[in-house]
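To start, the structure under review is shown below, and the notes come after it.
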Amino acid sequence: MAQLPFVSAARPLLAAPAGRGPWQRQRRGGAPGRANAAGGARRGPGARVRAAAARRAAPAAVEAVADEEDDEDEVVEERYALGGACRVLAGMPAPLGATALDGGVNFAVYSGGASAASLCLFTPGDLEADTVTEEVPLDPLLNRTGNVWHVFLEGKQVHDMLYGYRFDGVFAPGRGHYYDVSNVVVDPYAKAVVSRGKYGVPAPDGDCWPQMAGMVPLPYSTFDWQGDLPLKYHQKDVVIYEMHLRGFTKHDSSKIKHPGTYIGAVSKLDYLKELGVNCVELMPCHEFNELEYFSSSSKMNFWGYSTINFFSPMARYSSGGTRNYGRDAINEFKLFVREAHKRGIEVIMDVVFNHTAEGNEKGPILSFRGIDNSTYYMLAPKGEFYNYSGCGNTFNCNHPVVREFIVDCLRYWVTEMHVDGFRFDLASIMTRACSLWDPVNVYGGPMEGNMITTGTPLATPPLVDMISNDPILGGVKLIAEAWDAGGLYQVGQFPHWNIWSEWNGKYRDTVRQFIKGTDGFAGAFAECLCGSPQLYQAGGRKPWHSVNFVCAHDGFTLGDLVTYNNKYNLSNGEDNRDGENHNLSWNCGEEGEFASLSVRRLRKRQMRNFFVCLMVSQGVPMFYMGDEYGHTKGGNNNTYCHDHYVNYFRWDKKEEQSSDLYRFCRLMTKFRRECESLGLEDFPTSEQLHWHGHQPGKPDWSEGSRFVAFSMKDETKGEIYVAFNTSHLPVVVGLPPRPGFRWEPVVDTGKAAPYDFLTDDLPDRALTINQFSHFLNSNLYPMLSYSSIILVLRPDV
């Protein structure tokens with residue numbers, strides 16, 4: 001149970017003098033005494049107006065009253081809420097959010113520009129009816145410290161309530177202010193948000209944006225971690241699986257009790273362990289509104305990159321929805337993390353600190369905008385929203401208040417929810433200067449120059465600095481998507497403090513070009529295999545700072561990458577204008593799924609070639625959910641808005657192909673783990689790695705080269721040989737001679753399953769190898785067009 005700083009029990013902000021009761025205090029300096037909590041159970045608007053008028057009385061009249069009563073003591077009238085069940089006290093300004101303390105709950109919220117504030121309490125029934133159960137006005141003299149409004153409610157009944165805030169002040173969008181007393185807004189620090197209980201179902205009145213409220217925390221935990229501790233894998237040893245939590249189990253073929261939920265995903269964790277991944281990267285699981293587009297179209301916000309609250313797990317991913325005041329969602333998320341850790345799987349969260357669901361000036365007032373719009377969003381001088389996110393607004397990340405909020409949030413997910421790291425969506429926004437950025441404001445002291453234009457990329461952005469040097473976040477994995485929608489591209493140049501990794505978009509583009517047989521990429525492809533030293537070595541980083549991927553949620557799936565030359569996004573309702581046009585895909589000769597047998601065979605080879613490349617490259621491999629069985633989205637490369645089979649993991653398709661691509665991918669991840677040389681601590685040296693061409697020791701880096709091969713010394717395998725032939729012609733390659741040893745094939749994507757990966761338990765393995773003995777005895781091996789091979793060195797006995 002949390003405690004207030006430096007106090008043993010909840011008490012008024014100003015303590016009573018010695019010898020007096022705790023709810024009395026002495027007037028000082030001739031000013032009229034004020035209670036710690038003025039008024040009765042509720043102070044209506046008329047009382048607030050009269051009180052304000054009294055405060056504006058002539059100073060002479062105030063002094064006269066003060067002189068008459070100077071030596072008298074005033075008994076403070078105590079203040080209560082919830083029908084007298086809770087006593088209302090001044091509270092403390094820290095920590096921000098709702099904090100369960102000894103005897104009650106402290107509420108604290110930042111708002112620099114509000115002239116008045118009140119705490120709004122709801123019962124679940126009243127919330128559904130859009131009715132505030134009770135409103136507790138906050139006195140600006142007693143319930144405000146600096147720019148933080150705070151109040152303490154003493155009593156157990158407050159834990160059975162939900163809460164929000166109402167702020168008054170200037171409503172002037174042209175000046176960046178959106179204070180509106182007609183709105184009850186969500187506390188940015190709320191640990192769970194309650195609104196609609198069932199995914200995809202509007203409120204009873206059809207409202208897609210019903211009133212939301214935060215959960216009031218309990219003074220104790222209701223979850224048993226069973227001794228869970230962070231796995232702390234070295235990043236070089238991680239294989240990442242990007243996963244949409246709902247999509248992973250929502251399809252009927254998952255055959256589980258709670259499809260599309262945290263609990264449902266728990267029931268499928270053994271599959272991930274079997275696949276060989278030891279880290280899942282969850283697409284957004286913060287509270288968002290999947291119906292945000294629904295009032296104007298049938299589209300859903302399926303991916304979730306439109307956050308409402310960054311502290312709260314998505315309530316409708318819980319089997320219980322908003323039951324138990326949203327606490328079930330917290331516990332079910334914790335259950336997922338705990339059970340993943342039991343299976344040796346780390347959990348990384350995709351976090352979207354670049355924008356929120358409130359959109360531009362036409363968007364709703366949900367939380368940040370109604371609390372302090374000019375603090376939380378990057379604004380132009382006339383209140384316009386900068387749109388570096390492409391989603392209507394830009395989070396003002398490097399503002400002192402906002403960056404403290406982000407660090408607090410990350411700490412919460414690490415300490416309370418036990419996550420192992422974060423992938424930062426459009427992370428380059430976190431390097432941009434905030435609104436009204438100036439050195440004194442951000443660093444506390446003058447620097448060279450006076451002002452920096454809003455949005456300017458900073459060499460040492462304060463937020464990234466704070467995260468990088470935070471004592472709690474120091475041991476977690478930090479991955480940047482090092483670009484944004486405003487054109488800032490920082491792959492290889494993201495401010496990193498030797499801690500941050502990056503989604504390596506250049507790896508993706510280069511590998512796609514080379515594998516499909518584009519001239520001029522042999523040298524760049526070789527750099528990708530080495531962990532992209534041209535990007536990371538000079539800055540002091542290592543291969544494992546590169547998160548290598550060919551496909552992700554955004555863009556073509558692996559199956560579509562080899563099936564479509566063009567995108568087919570008409571079902572998104574934007575006339576095929578959305579989604580990336582520059583896909584670097586190749587349909588292998590015929591467009592679409594229905595193709596000739598020869599084309600389908602080539603596509604199978606190409607998918608395996610991509611996966612081999614991913615698993616033999618230095619760095620951290622990452623692949624997208626469903627790519628291990630060749631999931632297709634029908635050529636749609638931007639499926640953000642579809643809650644159906646196109647985004648669901650197809651367990652039936654995985655079973656159909658269990659002897660084919662899935663088997664190959666599972667064995668390749670296992671092979672990578674077994675090879676010490678494929679996850680090096682540093683970039684490979686010329687002593688460890690040797691390049692080859694069609695003949696050993698003679699690599700071809702010419703413009704027309706479509707062949708890259710290398711051999712690598714390995715502590716467990718002895719030595720491995722890997723080759724990629726992306727030409728349309730077959731080739732017989734010469735293998736590097738090793739007296740006393742012979743090369744033995746393990747992987748050949750030119751072969752049909754199960755001979756594409758020769759395992760030790762394959763019944764006719766020896767016969768299969770013997771078929772190539774006349775080649776191998778001469779240190780040769782035949783390769784089909786568009787194929788890749790892996791051979792290992794064995795003693796020649």
Side-chain angles (χ1 to χ4, degrees), residues 491-492 504-538 543 546 548 550 561-562 565 582-589 602 605-606 608-619 677-678 683-713 719-738 743 747-750 775 778-791:
V491 172
N504 191 343
K506 293 183 178 180
Y507 175 99
R508 172 201 59 205
D509 296 346
T510 299
V511 169
R512 287 186 180 190
Q513 291 276 34
F514 182 77
I515 293 296
K516 74 187 182 82
T518 306
D519 287 342
F521 284 90
F525 180 75
E527 290 179 328
C528 290
L529 294 173
C530 292
S532 302
Q534 82 283 5
L535 295 177
Y536 301 111
Q537 193 169 32
S546 171
N548 302 327
V550 175
L561 186 66
V562 300
N565 283 352
H582 189 61
N583 293 291
L584 304 176
S585 60
W586 178 43
N587 63 15
C588 299
L602 176 55
R605 292 209 302 276
Q606 287 292 75
R608 285 163 171 76
N609 292 337
F610 280 119
F611 208 83
V612 169
C613 173
L614 198 59
M615 290 299 153
V616 302
S617 297
Q618 300 297 323
S677 62
L678 297 182
F683 296 99
T685 65
S686 58
E687 295 180 356
Q688 296 169 303
L689 182 146
H690 300 276
W691 297 107
H692 309 288
H694 291 162
Q695 297 302 317
K698 297 181 179 179
D700 182 4
W701 307 121
S702 67
E703 184 73 13
S705 174
R706 299 186 183 182
F707 184 88
V708 171
F710 67 91
S711 58
M712 176 89 77
K713 294 180 181 179
E719 191 172 1
I720 61 173
Y721 175 89
V722 181
F724 296 88
N725 177 31
T726 63
S727 169
H728 62 286
L729 300 173
V731 64
V732 176
V733 300
L735 305 174
R738 298 292 185 262
W743 292 103
V747 173
D748 186 343
T749 63
F775 284 103
S778 302
N779 276 335
L780 299 172
Y781 193 87
M783 293 184 68
L784 280 183
S785 60
Y786 302 106
S787 69
S788 52
I789 59 173
I790 301 176
L791 294 83

Open item on the list: Do W586 and N565 make a side-chain contact, defined as non-hydrogen atoms from C-beta onward lying under 4.5 Å apart?
Closed with: yes

- [ ] Evaluate the criterion side-chain contact (heavy atoms from CB on, under 4.5 Å) for residue pair S532 and K506; output intermediate values, then yes/no.
- [x] CA-CA 9 Å; S532 302; K506 293 183 178 180; over 6 Å; no

Task: Shortest non-hydrogen contact from S787 toward G750 - done: CB-N, 4.0 Å

- [ ] Using atom types as modelled and distance alone, determine if a side-chain donor or acceptor of Q513 lies under 3.5 Å from a backbone N or O of T510.
- [x] no

Open item on the list: H692: which residues meet the side chain to side chain contact (heavy atoms under 4.5 Å, CB included) condition with it, sequence neighbours left out?
Closed with: H690, P696, A709, S711, Y721, P736

Open item on the list: Could you measure the distance from the OG1 atom of T518 to the CZ atom of R512? Nearest 0.5 Å is fine.
Closed with: 12.0 Å

Task: Evaluation steps, side-chain contact (heavy atoms from CB on, under 4.5 Å), between L780 and W743 - done: CA-CA 9 Å; L780 299 172; W743 292 103; over 6 Å; no

- [ ] With rounding to the nearest 0.5 Å, note down the distance linking CD in E527 to CG in L535.
- [x] 8.0 Å

For residues 724-735, please give each side-chain donor-acceptor pair under 3.5 Å, one per line with the distance, not counting sequence neighbours.
residue, atom, partner, partner atom, Å
N725, OD1, S727, N, 3.3
N725, ND2, L729, O, 3.0
N725, ND2, L784, O, 3.0
T726, OG1, F514, O, 3.2
T726, OG1, R706, O, 3.0
S727, OG, L729, N, 3.0

Task: Interatomic distance, L529 atom CG to F710 atom CZ [nearest 0.5 angstrom] - done: 5.5 Å

- [ ] Could you tell me which residues satisfy side chain to side chain donor-acceptor pair (under 3.5 Å) with S686, sequence neighbours excluded, listed by chain and number?
- [x] none

TODO: Begin with the C-alpha distance, continue with both residues' side-chain angles, and end with the deciding distance and a verdict on side-chain contact (heavy atoms from CB on, under 4.5 Å) for F611 and V550.
DONE: CA-CA 8 Å; F611 208 83; V550 175; over 6 Å; no

Open item on the list: With rounding to the nearest 0.5 angstrom, report the CD1 to CG distance, I515 to L561.
Closed with: 10.5 Å

Task: Set of residues satisfying side chain to side chain contact (heavy atoms under 4.5 Å, CB included) with respect to Q537, sequence neighbours excluded - done: P533, F683

Open item on the list: Under the criterion side-chain contact (heavy atoms from CB on, under 4.5 Å), I'd like the reasoning laid out for R605 against C588: C-alpha separation, chi angles, the key distance, then a yes or no.
Closed with: CA-CA 10 Å; R605 292 209 302 276; C588 299; over 6 Å; no

Task: All side chain to side chain contact (heavy atoms under 4.5 Å, CB included) counterparts of N548, not counting sequence neighbours - done: N504, Y507, S546, L614, S617

Task: Nearest-0.5 Å distance that lies between atom CH2 in W701 and atom CZ in F521 - done: 14.5 Å

TODO: Could you tell me which non-hydrogen atom of K516 sits nearest to which non-hydrogen atom of S585, and how far apart they are?
DONE: CD-O, 4.0 Å

Open item on the list: With rounding to the nearest 0.5 angstrom, report the SG to CZ distance, C613 to R608.
Closed with: 16.0 Å

Open item on the list: Looking at D509 and L584, would you say the former's side chain and the latter's main chain have a donor-acceptor pair under 3.5 Å?
Closed with: no

Open item on the list: Any heavy-atom pair between the side chains of Y786 and T749 that's under 4.5 Å?
Closed with: no

TODO: Not counting sequence neighbours, which residues clear side chain to side chain contact (heavy atoms under 4.5 Å, CB included) with S677? List them please.
DONE: C675, M712, D714, I720

TODO: Indicate yes or no: at least one non-hydrogen side-chain atom of D700 is less than 4.5 angstrom from one of W691.
DONE: no

